[in-house]
Amino acid sequence: MQAAANDIGSQRQRAPGTGAEGETMKIRTVLAAAALGATVLGSAGTASLAQAQATPTRGGDATIILGVDAVRGLDPAFLFNLTPSGDANRMAAIYGVLFWSDAKTGKVNASLGKSLTPDKTGATWTLVLNPGVAFTDGTPLDAAAVKFNYERIQNKATASPLAGLIAGAQFKVVDPLTLAITLAAPNMQFDKVLSTSLTHIASPKAITERPTDYAHNPVGAGPFMVGTWVKGDYQKLVRNPNYLVKGEPHLDSVTFRAIRDPGQRINTVLTGAAHAAIPGSDLAFAKSAQRSGLAVSSAPAGGGPMVMFNLKVPPFNEARARKAVQLALDVQDFAAVIDPGSSAPLSLYGPTSPFYPAKPAPVAQNKEAAQKLFDELAAEGKAVNFKITLTASGLFRRMAEYVQSRLSQFRNVTVSIEVVDNATLDKRVFRDRNYQFSAQIVPVADPEPNLYKLLRTDGQTNYMGYSNPAVDAALEAARATTDTAARADAYARIEKAVWADAPVIPVRNQEAYTVHAQSLKGLVLHGDGSLLYDRLWLSR
């Protein structure tokens with residue numbers, strides 16, 4: 001079966017001399033062929049039909065408010081936690097994207113890359129780049145540059161947290177614009193891995209010339225490049241005059257500022273001091289922003305905030321302790337308290353996902369069964385006493401306080417809260433795994449790659465130390481096919497195991513969103529909710 005292209009009617013032009021002598025490049029979404037798997041072509045995606053039909057104006061500076069400063073710099077090899085309120089937006093502006101994943105559906109689309117195609121087994125993928133793409137230092141973004149970036153990630157001396165995503169993969173430059181990627185194991189869903197975690201490509205020349213301080217002097221091929229960077233204050237990015245697509249970016253510049261308090265981020269947009277803000281995780285902020293007359297661009301997805309247990313240390317190395325906490329909590333009440341107006345997920349997958357079960361069966365609260373387990377463990381000298389390690393940010397603080405208050409109603413369980421800053425949380429929980437109980441946010445627009453990274457024994461975000469051979473096998477089975485029914489069967493088995501083993505407890509439905517002034521147009525959310533910066537423009 002041949003892949004079928006669906007032209008959605010919008011066109012973006014390449015700059016003169018950047019392939020096919022400036023020919024128009026149609027926005028296309030390519031459907032997967034059963035025999036060949038998913039083929040990604042074109043440069044697809046618009047936020048809405050109305051935005052696609054609007055005529056962008058050129059010029060202006062857009063100020064975007066994020067939650068944290070880029071304290072670790074902006075080197076693609078080291079940024080494993082690309083949150084929209086953190087570094088994901090900065091990275092997208094500076095580096096652009098080879099391919100991007102729709103934040104709502106998980107569908108993969110092309111940008112600086114032209115196509116990404118698997119062989120019949122998914123063992124080898126062929127990545128083709130658009131001609132004429134160059135880094136802002138004038139060197140080409142070609143197949144050799146992509147190979148350099150990926151092999152640098154693989155190199156043990158680099159110590160990249162992304163290394164596991166392409167462990168054992170081999171890269172061969174077929175011609176200047178074509179790279180063959182042979183994976184250690186077949187994966188018909190590798191396009192989703194690349195589009196979410198391996199999509200930012202850095203200049204090999206810049207890395208080689210400034211190996212010790214490259215992260216604070218990043219060079220990409222995206223729509224913008226660093227103009228002024230005042231540490232701890234702001235970053236002003238200016239238009240890349242040689243960007244691939246003719247007429248883009250529309251803006252002259254983008255300024256990023258960081259404000260820790262999410263409410264203040266929105267207030268900054270309300271006062272006109274900024275054009276957009278990424279408030280973070282609280283959905284209540286989106287509702288209040290809309291009531292205040294601001295616009296909200298959003299992308300509902302599956303997954304979301306979830307509490308997680310460290311299965312490697314007491315008390316949660318004991319499955320009964322995790323089950324007791326799971327049974328003690330009413331997740332619908334949990335969601336309503338920590339984020340008023342929201343609800344808890346009934347499945348790991350979003351309601352619009354093809355993998356959403358016909359009859360969702362999450363674990364229901366059962367206080368009597370929970371107390372029985374708490375008592376049973378205490379009688380064995382294994383009382384459930386633990387510490388919650390989280391930051392002071394609103395949603396996470398409320399999550400910690402909720403768990404502490406609800407479990408205080410039970411005998412033989414004691415909960416304390418340890419509030420740490422982001423850097424400490426990053427090191428203690430996500431790097432050293434030195435914790436008992438914490439939380440993370442895992443969007444699951446498509447189960448690949450985030451669910452794989454979360455639940456696979458050696459998964460990149462498996463901070464719980466969870467290992468279930470049956471789950472590993474099901475994750476691999478889902479990667480081995482593009483057949484939706486076969487994937488659905490595998491993901492149903494995975495969900496059943498997660499409810500039974502309780503390495504995590506999802507507590508609120510996920511929705512990525514950006515709050516913005518009505519004058520900021522062209523918002524397209526990708527990945528976990530960051531923006532595509534070549535599309536943004538300001539109405540007059």
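We use all heavy atoms of the structure for the numbers below, so side chains are in, but hydrogens, waters and symmetry mates are not.
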Distance in Å, L451 CG paired with L454 CG, rounded so as to fall on 0.5 Å steps: 6.0 Å

Pairs flagged by ring pair (Phe, Tyr, Trp, His ring centres under 6.0 Å) wherever residues 217-237 is involved - sequence neighbours left out: H216-W229

Exam field: side chain Y95 to backbone L74, donor-acceptor pair closer than 3.5 Å: yes

Side chains of S203 and D137, donor plus acceptor under 3.5 Å: yes

Donor-acceptor pair, side chain of Y214 and main chain of V219, under 3.5 angstrom: yes

Near-ring test Y243/F135, centroid separation under 6.0 angstrom: no

Criterion salt bridge (charged side-chain N to carboxylate O under 4.0 Å, His left out) on R58 and D252, from CA distance to verdict: CA-CA 8 Å; R58 186 174 177 85; D252 292 329; 5.5 Å; no

Heavy-atom check, side chain of V238 versus side chain of V254, under 4.5 Å: no

Separation between OG of S101 and CG of D191, rounded to the nearest 0.5 Å: 8.5 Å

Parallel, tilted or perpendicular: rings of Y402 and F334 (30°, 60°): parallel

Heavy-atom side-chain contact between V313 and Q436 under 4.5 Å: yes

Polar contact flag, side-chain donor to acceptor under 3.5 angstrom, N240-T136: no

Residue that, paired with V515, satisfies side-chain contact (heavy atoms from CB on, under 4.5 Å) out of P262, S288, S298, P279: P279

Polar side-chain atom of N89 near backbone of L531 as donor-acceptor pair, under 3.5 Å: yes

Student check: side-chain heavy atoms of Y349 and V444 closer than 4.5 Å: yes

Heavy-atom donor-acceptor pair, Q264 side chain to I259 backbone, under 3.5 Å: no

Q510 side chain to R508 side chain, donor-acceptor N/O pair below 3.5 angstrom: yes

Side-chain donor or acceptor of S160 paired with backbone N/O of A77 under 3.5 Å: yes

Validation row: L532, W100 side chains within 4.5 angstrom (heavy atoms): yes

Side chain proximity check, L525 to K104, heavy atoms < 4.5 angstrom: no

Heavy-atom side-chain proximity of D233 to R257 below 4.5 angstrom: yes

I417 vs V419, side-chain contact (heavy atoms from CB on, under 4.5 Å): CA-CA, chis, key distance, verdict: CA-CA 6 Å; I417 297 175; V419 176; 4.0 Å; yes

Ring geometry between F256 and Y533 (parallel below 30°, tilted from 30 to 60°, perpendicular above 60°): perpendicular

Ion pair R456/D458, N-O distance below 4.0 Å: yes

Side chain D432, main chain N434, donor-acceptor under 3.5 Å: no

Nearest-0.5 Å distance, CG of residue N130 to CG of residue L112: 7.5 Å

Step-by-step salt bridge (charged side-chain N to carboxylate O under 4.0 Å, His left out) determination, D75 to R152: CA-CA 11 Å; D75 185 334; R152 177 173 177 250; 2.7 Å; yes

T57 and K521: side chain donor to acceptor below 3.5 Å: no

Check: D339 side chain, L283 main-chain N or O, donor-acceptor pair, under 3.5 Å: yes

T391 side chain to N422 backbone, donor-acceptor under 3.5 Å: no

Pair Q290, K287: side-chain N/O donor-acceptor within cut-off below 3.5 Å: no

Check: S297/H516 side-chain N/O donor and acceptor closer than 3.5 Å: yes

Sidechain N-carboxylate O distance under 4.0 Å for E418, R428: yes

Short N-O contact, K107 and D446, less than 4.0 angstrom: no

Partner residues of F386 under the ring pair (Phe, Tyr, Trp, His ring centres under 6.0 Å) criterion, sequence neighbours left out: F316, F437

Expected output: side-chain N462 to main-chain Y466 donor-acceptor under 3.5 Å: yes

Contact check, side chains of L98 and L127, non-hydrogen atoms, under 4.5 Å: yes

Test item: R239 side-chain N/O and L251 main-chain N/O as donor-acceptor pair under 3.5 Å: yes

